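Convention: sequence-line order gives letters A, B, ...; per-chain numbering from 1. What you see is a predicted model, and the numbers here were worked out from it, not measured in a lab.
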There are 2 protein chains.
Amino acid sequence: MKKRVEPTHCDTCGAREKSVFCSLSPDEISDVDASKSCNFYAKGQVIFHEGNRINGIYCVSKGKIKLFQIGNEGKEQIIRFAKEGDIIGYRALLSEEPLSASAATLEETSLCFIPKSQLLKLIANNPNFNFKMLKLLSHELGEAAKVITELAQKPVRERLAETLLILRQTFETDENQVIQVKLSREEIANIVGTATESVIRLLSDFKKEKLIEVEGRSIKIVNIPALTRVANIFE
Amino acid sequence: MKKRVEPTHCDTCGAREKSVFCSLSPDEISDVDASKSCNFYAKGQVIFHEGNRINGIYCVSKGKIKLFQIGNEGKEQIIRFAKEGDIIGYRALLSEEPLSASAATLEETSLCFIPKSQLLKLIANNPNFNFKMLKLLSHELGEAAKVITELAQKPVRERLAETLLILRQTFETDENQVIQVKLSREEIANIVGTATESVIRLLSDFKKEKLIEVEGRSIKIVNIPALTRVANIFE
DNA sequence: GCAAAAATATGATAAAATTCATGTTTTACA
DNA sequence: TGTAAAACATGAATTTTATCATATTTTTGC
């Protein structure tokens with residue numbers, strides 16, 4: 001399933017423009033190119049396991065990934081997603097701690113592995129890149145704080161509504177306004193922090209209330225302002 | 001209440017050894033010293049407000065601080081604590097976003113304000129310091145992920161037990177094993193993500209079960225292994 | 001293409017947690 | 001030091017959410 005592919009060259013990689021690597025010099029880019037290795041992952045494959053050590057980061061050149069922790073009762077908690085241009089594994093690498101989460105693909109995905117030495121070289125030699133990493137980490141930390149407050153204070157219905165809006169924002173929609181990520185009800189429950197049955201029930205409530213349209217795993221938000229009101233977002 | 005105090009010199013500051021500033025060169029230290037301004041804050045004072053911009057960071061030279069967000073129903077959610085040697089405000093500074101949380105003192109506290117330019121100078125010129133910042137941010141991000149999973153998956157009783165253990169670890173105990181931070185029941189509830197009444201009830205349950213001893217706001221954990229079991233921590 | 005497995009759906013029940021009410025104790029401060 | 005305010009405490013009722021049971025539908029692998 002996981003197979004070596006002809007390495008996509010960074011200088012032609014569409015994902016690069018969206019990534020922390022966007023402003024590297026041509027020399028730096030060919031340096032990264034030379035050190036990296038690219039692989040193709042089928043849907044559902046695990047990329048790395050929580051608790052392990054990691055010796056580099058992965059850059060998503062194509063595809064979608066979920067990052068999750070396994071709670072004490074064996075239940076998965078989705079912490080964040082990564083898509084084209086995003087990097088994963090940098091938290092564990094930079095903290096020199098074991099991986100705090102596992103990563104698995106949500107669809108066919110191409111990843112480039114960039115070794116630790118290469119990343120540290122960029123950090124040390126490119127102040128702009130370094131600052132991008134600091135900015136990425138601190139932005140993520142702010143997002144995590146928001147999630148904490150929401151989990152702690154909002155009821156399930158509001159959290160689900162907000163999750164749908166965030167998924168839409170993160171993965172965007174196709175020409176039919178369908179959110180461009182396919183998640184099982186269980187996976188949605190594992191973002192929201194609730195039981196699968198609750199998600200199923202609430203999604204059909206939202207459907208009845210004409211806030212969304214659902215067809216299998218395709219979700220379309222038909223009334224964004226109303227769903228935003230349900231999510232109780234005002235800021 | 002907030003008053004200018006004779007600036008503690010960094011080179012004699014006991015908090016420095018515990019902080020990200022621990023390995024600065026003498027020149028760097030006197031440079032920081034020259035740029036900073038120190039202030040004393042009474043108990044309960046707000047240091048900064050969520051949503052505002054910040055133009056530097058605060059280093060805690062003495063005292064204890066809570067960082068919190070205000071949820072939609074006006075309820076406070078405590079995101080983290082800072083104590084001697086810790087810095088606050090760096091997330092907003094480095095992400096160039098507004099402050100994601102407010103900060104308020106939990107007791108009499110002395111803070112040194114270090115301007116943005118000074119921090120950026122250290123980051124740019126001292127690779128070791130820069131790496132400490134990356135490490136701090138990525139460690140915090142891992143901690144936040146843990147909190148997310150716990151909030152999403154654990155019942156209130158387990159979360160409270162774990163919170164008490166974390167408070168003990170963070171603030172340590174005095175010679176009588178009393179946790180060295182005084183929080184109201186409401187504040188504890190605002191860490192755990194529950195109602196104040198639930199905390200009150202569960203604390204007296206824990207007391208009846210001889211897991212803790214409580215006297216006003218003083219909490220002593222008398223049976224750590226048993227409380228750890230209640231918290232359902234195994235890793 | 002078909003059987004088995006997994007995912008979705010829905011009702012009923014149970015458990016968890018909050019809210020409300022009310023009383024007591026502690027603290028703040030005029 | 002007395003008094004008001006805040007914090008703590010506890011019971012009862014209600015709401016929220018999870019769990020369990022059981023269909024039904026969809027997907028997957030041979």
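Taking atom CD on E76(B) and atom P on dA7(D), their separation rounds to 11 Å, with Å as the unit.
Nearest approach of I47(A) to L111(A), heavy atoms of both residues: CD1-CD1, 3.5 Å.
There is no side-chain donor-acceptor pair under 3.5 Å between N232(A) and E162(A). In summary, the side chains of Q177(B) and R168(B) do present a donor paired with an acceptor at a separation below 3.5 Å, with no hydrogens or angles considered.
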Quiz item: How does protein reach along nucleotides 8-22 of chain C, written 5' to 3' as B (base within reach of a heavy atom under 4.0 Å), S (only sugar-phosphate), or - (no contact)?
Solution: SBBBB----SBBB--

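Under a 4.0 Å N-O distance rule, the pair K66(A)/E187(A) qualifies as a salt bridge.
Around NZ of K62(B), the count of heavy atoms belonging to other residues, nucleotides or ligands within 6.0 Å does not exceed 12.
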